[in-house]
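Here's the structure, in structure tokens; my notes come after.
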Amino acid sequence: ADGDGNDADAVHALVGEAAARARAGEGPSFLEFATYRWLEHCGPIDDRAFPYRQPGEWEYWRARDPLAAYERRLAAEKIVVAEDMAKMRAEIGAEIEAAIRFAKDSPYPARDTLMDRVWA
């Protein structure tokens with residue numbers, strides 16, 4: 001099934017349907033969700049200065065940012081208030097920073113484990 005990867009509710013619904021089919025013994029599903037890449041392929045750098053994006057493309061997709069859209073919906077439906085959203089952002093930011101710190105402080109894996117958990 002194809003889905004809008006920028007619509008959290010649509011993603012949730014399609015994944016829920018696929019999970020229900022799998023649990024009912026109807027086998028696996030293939031789900032594809034179209035979305036947009038904001039940053040360069042290999043890092044956290046904004047790549048709008050490079051010539052491969054069409055003029056206005058980034059801005060078009062940025063206006064459809066799935067996180068911002070979902071925040072707006074939650075606020076409009078009074079599911080979450082601004083203070084709760086700020087608290088969640090802070091908690092998530094701290095979790096991300098802790099994960100980055102853990103990764104940077106961790107030793108590189110041993111060379112002989114390079115192909116562990118790689119399946120073809």
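Every heavy atom of this structure was used, including side-chain atoms; hydrogens, water molecules and symmetry mates were not.
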For this session: Using the test side-chain hydrogen bond (donor to acceptor under 3.5 Å, both in side chains), find all partners of Asp7 that sit at least two apart in sequence or belong to another chain.
Result: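 Counting only residues at least two positions away or on another chain, Asp7 forms no side-chain hydrogen bond (donor to acceptor under 3.5 Å, both in side chains).
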
Problem set entry | Arg72 to Tyr70, cation-pi by 6.0 Å centre distance and 45° axis angle |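 Verdict for Tyr70: no cation-pi partner in Arg72.
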
Problem set entry | Phe33 side chain near Leu14 side chain, heavy-atom distance below 4.5 Å |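 Side-chain contact under 4.5 Å: yes.
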
Problem set entry | Side chain to side chain, Arg62 and Arg48, heavy atoms closer than 4.5 Å |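 Side chain of Arg62 against side chain of Arg48, heavy atoms only: no contact under 4.5 Å found.
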
For this session: Sorted by first residue and then second, give each side chain to side chain donor-acceptor pair (under 3.5 Å) pair with at least one member in residues 74-86; sequence neighbours left out.
Result: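 Those involving residues 74-86 are Arg73-Glu77.
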
Show me the donor-acceptor pairs, under 3.5 Å and distance only, between side chains in residues 105-120 and residues at least two apart or in other chains.
from, atom 1, to, atom 2, distance (Å)
Ser106, OG, Phe102, O, 2.6
Thr113, OG1, Ala110, O, 2.6

For this session: Could you identify which residues cluster with Ile96, counting Ile, Leu, Val, Met, Phe, Trp and Tyr as linked when any side-chain heavy atoms lie under 4.5 Å apart, either directly or through a chain of such contacts?
Result: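 Besides Ile96, the cluster holds Ile92, Ile100.
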
Problem set entry | Hphob cluster co-occupancy, Val81 + Met85, side-chain heavy atoms under 4.5 angstrom |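 Cluster IDs for Val81 and Met85 differ.
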
Problem set entry | Path from Met88 to Ile79 over hydrophobic side-chain contacts below 4.5 Å |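 Yes, Met88 and Ile79 fall within the same hydrophobic cluster.
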
Exercise. When rounded to the nearest 0.5 angstrom, what distance separates CG in Leu39 from CG in Asp46?
Worked result: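 That separation rounds to 6.5 Å.
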
Exercise. Residues two or more places apart in sequence or in another chain: which of them pass ring pair (Phe, Tyr, Trp, His ring centres under 6.0 Å) with Tyr36?
Worked result: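 Only Trp38, Trp61 meet the ring pair (Phe, Tyr, Trp, His ring centres under 6.0 Å) criterion with Tyr36.
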
Under 3.5 Å, side-chain donor or acceptor atoms of residues 15-27 against the rest of the protein: list the pairs with distances, not counting sequence neighbours.
from, atom 1, to, atom 2, distance (Å)
Arg21, NE, Ser29, OG, 3.4
Arg21, NH2, Ser29, OG, 2.8

Exercise. If you measure from the Lys or Arg side-chain nitrogens to the Asp or Glu carboxylate oxygens, is any gap between Arg64 and Glu59 under 4.0 Å?
Worked result: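 Salt bridge absent between Arg64 and Glu59.
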
Exercise. Should we say atom CD of Glu91 is surrounded by more than 12 heavy atoms from elsewhere, each under 6.0 Å from it?
Worked result: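 Atom CD in Glu91 is packed in, count exceeds 12.
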
Problem set entry | Candidates Asp4, Asp65, Asn6 - the one meeting side chain to side chain donor-acceptor pair (under 3.5 Å) with Thr35 |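 For Thr35, the side chain to side chain donor-acceptor pair (under 3.5 Å) check succeeds only for Asn6.
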
